[in-house]
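Some notes on the structure that comes next.
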Amino acid sequence: MREKELVLYKHFKHGDILNDMSWLMTNYQDDYYNTEDKRNLLFDVIHRLIELAGSHGYEGNLWHTYLTYLLANNENAFSMASEIKGAVQGSINQVALHDFAIFKEMFDCDLTVLENELHAGCIPLLFNYENINNESKFFNKRIRDRICELSVKLAQTESPEEFLSIMEGFYKDFGVGKFGLHKAFRVEHGEHGAKIIPITNIAHVYLEDLVGYEIPKQKLIENTEAFVSGKKANNCLLFGDAGTGKSSSIKGILNLYYDKGLRIIEIYKHQFQDLNDVIAQIKNRNYKFIIYMDDLSFEDFEIEYKYLKAVIEGGLEKKPANVLIYATSNRRHLVREKFSDKEERREDLHSSDTVQEKLSLVARFGVSIFFCAPDKREFENIVKTLAERYGVTMPEEELLLEANKWELSHGGLSGRTAQQFIDYLLGKE
């Protein structure tokens, strides 16, 4: 194998498997090296391939899916250009063709020679592997299936040119690296600044799961639809009573528009100093990013909101067109105000300036959407709808009586309370 001759495709995650397999394919007949050591290395490589299959849910030819995994995750000049433009022209195309010729050799190599020479009887297990667990810790099922399907197509190619054409199409349709293969992310502050980390176990919430709130949901859909279509759109503030579906609506929006390139990055207010770093990492990618701030509010002594104001609409650098900020809050004005503030303003020579300072953050969210608590009739309708959805067979009169008892001692009238009540009933069955 000629993996050291690769020009674009380098520095792979889990690249140790490729290096060790390449060494074995080069030296399996060399008597200079101890046969037992080579056998042990082969078994270790097989172990790592099976572990990777277990964590990522891979099936079929594990050697091919491993190579495909490397291709799908490697961010380089060619893969990122293809993500944005599809088929690319120029010298980079020729360099990619050189690398794909090497990858095609890897796909076509006959691993059974290792079995015959090193007397290892487990090589055939790699060619038609059946995974006992279809779940993946790293990819959702759709992405896992796409990688497995891509590996089959690449194995059937007859030329490096055909190999390149298939990879161009994959990058254009699905992207490359963590942003291509994941939909939701969080931020960690590392030694070298902010790191954007994929969230591999996310809640699969859909807008239709949220009963009622049709007008707020439609406002959110219209703004997001414009955003993913490349039109002008606004930052959104979803505010209102607790448990009314603000956070669920944003999660539902992600699932609705994921196929159109929407991604979401969750960030907390203690991380606002990293906002510029995060935006710098995503501004040139071929995706639309929502920076999501859940339960956003500030005490009067907290100053993090000033970082947010500058990022939204106040710094010298223009906010990229592929980034919006969506926030949820139980407070309309985000920054806490007290009656004692009025007393302080009497002593403030420029009290109106102080008020404007606190209100200016909300003004930078172009769209504010109100989620109010349901009244009694709406709450009962939510309970009935959820009971039907989950197959609760209790008579309606008894169901509503128990629901009303439940809400009195469990948080009042809200969609969250209704869901918790249904979960309680299901837990008793």
Side-chain angles (χ1 to χ4, degrees), residues 1-30 41-42 45-46 48-49 52-53 56 58 60-117 123 126-129 143 146-178 180-181 286:
M1 293 187 194
R2 299 187 291 138
E3 87 286 353
K4 289 185 172 57
E5 297 180 23
L6 291 168
V7 178
L8 291 169
Y9 287 84
K10 295 177 127 6
H11 312 300
F12 300 112
K13 186 177 181 180
H14 297 294
D16 56 316
I17 298 175
L18 176 61
N19 295 334
D20 288 342
M21 184 66 86
S22 176
W23 187 90
L24 284 168
M25 289 297 294
T26 303
N27 298 289
Y28 69 94
Q29 290 181 315
D30 192 335
L41 180 58
L42 175 59
V45 170
I46 293 171
R48 282 177 276 163
L49 283 172
L52 191 68
H56 290 69
Y58 294 147
N61 189 313
L62 295 190
W63 174 241
H64 290 169
T65 54
Y66 166 70
L67 293 174
T68 306
Y69 164 81
L70 298 183
L71 290 164
N73 277 280
N74 194 261
E75 296 179 358
N76 58 60
F78 174 80
S79 62
M80 293 180 69
S82 298
E83 170 187 272
I84 296 172
K85 300 178 181 178
V88 296
Q89 303 298 324
S91 299
I92 194 68
N93 216 44
Q94 297 304 311
V95 179
L97 197 61
H98 164 271
D99 280 12
F100 290 143
I102 296 174
F103 263 98
K104 178 159 173 51
E105 292 173 9
M106 296 177 189
F107 269 86
D108 294 342
C109 72
D110 182 10
L111 299 184
T112 59
V113 297
L114 297 176
E115 178 185 6
N116 299 331
E117 187 71 25
I123 288 289
L126 300 179
F127 301 148
N128 191 22
Y129 187 78
I143 292 297
R146 283 172 179 168
I147 289 180
C148 290
E149 291 165 4
L150 177 62
S151 73
V152 173
K153 290 181 181 179
L154 293 175
Q156 295 172 346
T157 57
E158 296 184 358
S159 67
E161 289 77 11
E162 185 182 357
F163 199 107
L164 181 144
S165 178
I166 290 174
M167 288 309 307
E168 279 180 337
F170 180 85
Y171 291 142
K172 177 61 177 175
D173 292 340
F174 307 122
V176 60
K178 61 186 178 184
L181 300 178
N286 190 34

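We number each residue from 1, following the sequence as shown.
Looking at Ser165, its side chain never comes within 3.5 Å of a backbone N or O of Glu161 through a donor-acceptor pair. Panel note: side chain Asn128, backbone Gly60; no donor-acceptor pair is recorded below 3.5 Å. Asn27 places no side-chain N or O within donor-acceptor distance of the main-chain N or O of Asp30, the cut-off being under 3.5 Å. Looking only at distances, a side-chain donor or acceptor of Asn74 sits under 3.5 Å from a matching main-chain atom of Lys10. Asp99 places a side-chain N or O within 3.5 Å of a backbone atom of Leu8 that can act as its donor or acceptor partner.
Here the side chains of Arg48 and Asp16 are in contact, with some heavy-atom distance below 4.5 Å. Considering only heavy atoms from C-beta on, Phe103 comes within 4.5 Å of Tyr9 through its side chain.
One distance of note links CD1 of Ile46 with CD1 of Ile17; it measures 11.5 Å at 0.5 Å rounding. Taken from OH in Tyr28 to CG in Leu41, the straight-line distance is 15.0 Å, to the nearest 0.5 Å. Considering CH2 of Trp63 and CD1 of Ile123, their distance stands at 10.0 Å, rounded to 0.5 Å. Atom OG of Ser79 sits about 9.0 Å away from atom CD1 of Ile92, to the nearest 0.5 Å. Distance check, rounded to the nearest 0.5 Å: NZ of Lys153 to CZ of Arg146 gives 10.5 Å. Taking CD1 of Ile102 as the reference point, atom CZ of Phe107 lies at 13.5 Å (rounded to 0.5 Å).
The nearest pair of heavy atoms linking Glu83 to Lys172 is O-CD, 4.1 Å. Heavy atoms only, all atoms of each residue included: Gly15 and Tyr66 are closest at CA-OH, 3.7 Å. Summarising the geometry of Glu158 relative to Glu162, their closest heavy-atom pair is N-OE1, 3.0 Å, with the distance given to 0.1 Å. Residues Cys109 and Met25 share a closest heavy-atom pair of CB-CE, 4.3 Å. The two atoms that bring Phe170 and Ala72 nearest to each other are CE2-CB, 3.9 Å, heavy atoms only. Contact between Ala53 and Leu62 at its shortest, heavy atoms only, is CB-CD2, 3.7 Å.
Between Phe100 and Phe78, the ring planes are perpendicular. Angles over 60° get that label, and only those under 30° would be called parallel.
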Full working for side-chain contact (heavy atoms from CB on, under 4.5 Å) between Leu150 and Met167:
CA-CA 9 Å; Leu150 177 62; Met167 288 309 307; 4.1 Å; yes
query: Would Leu111 and Phe127 count as a side-chain contact (heavy atoms from CB on, under 4.5 Å) if you check the C-alpha gap in whole Å, the side-chain angles of each, and the deciding distance to 0.1 Å?
result: CA-CA 10 Å; Leu111 299 184; Phe127 301 148; 4.1 Å; yes
Steps toward side-chain contact (heavy atoms from CB on, under 4.5 Å) verdict (Leu71, Leu154): CA-CA 11 Å; Leu71 290 164; Leu154 293 175; 3.8 Å; yes
Test side-chain contact (heavy atoms from CB on, under 4.5 Å) on Ile166 and Thr157; report intermediate values, then the result. CA-CA 9 Å; Ile166 290 174; Thr157 57; 3.5 Å; yes
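Applying the side-chain hydrogen bond (donor to acceptor under 3.5 Å, both in side chains) rule to pairs touching residues 107-116 yields Lys104-Asp108, Asp110-Thr112, sequence neighbours excluded.
Checked by atom type, the side-chain pair Ser22/Glu3 shows a donor-acceptor distance below 3.5 Å.
No option in Leu18, Leu126, Asp20, Leu114 other than Asp20 meets the side chain to side chain contact (heavy atoms under 4.5 Å, CB included) test with Val45.
Glu105 has a carboxylate O that lies under 4.0 Å from a charged side-chain N of Arg2, or vice versa, which qualifies the two as a salt bridge.
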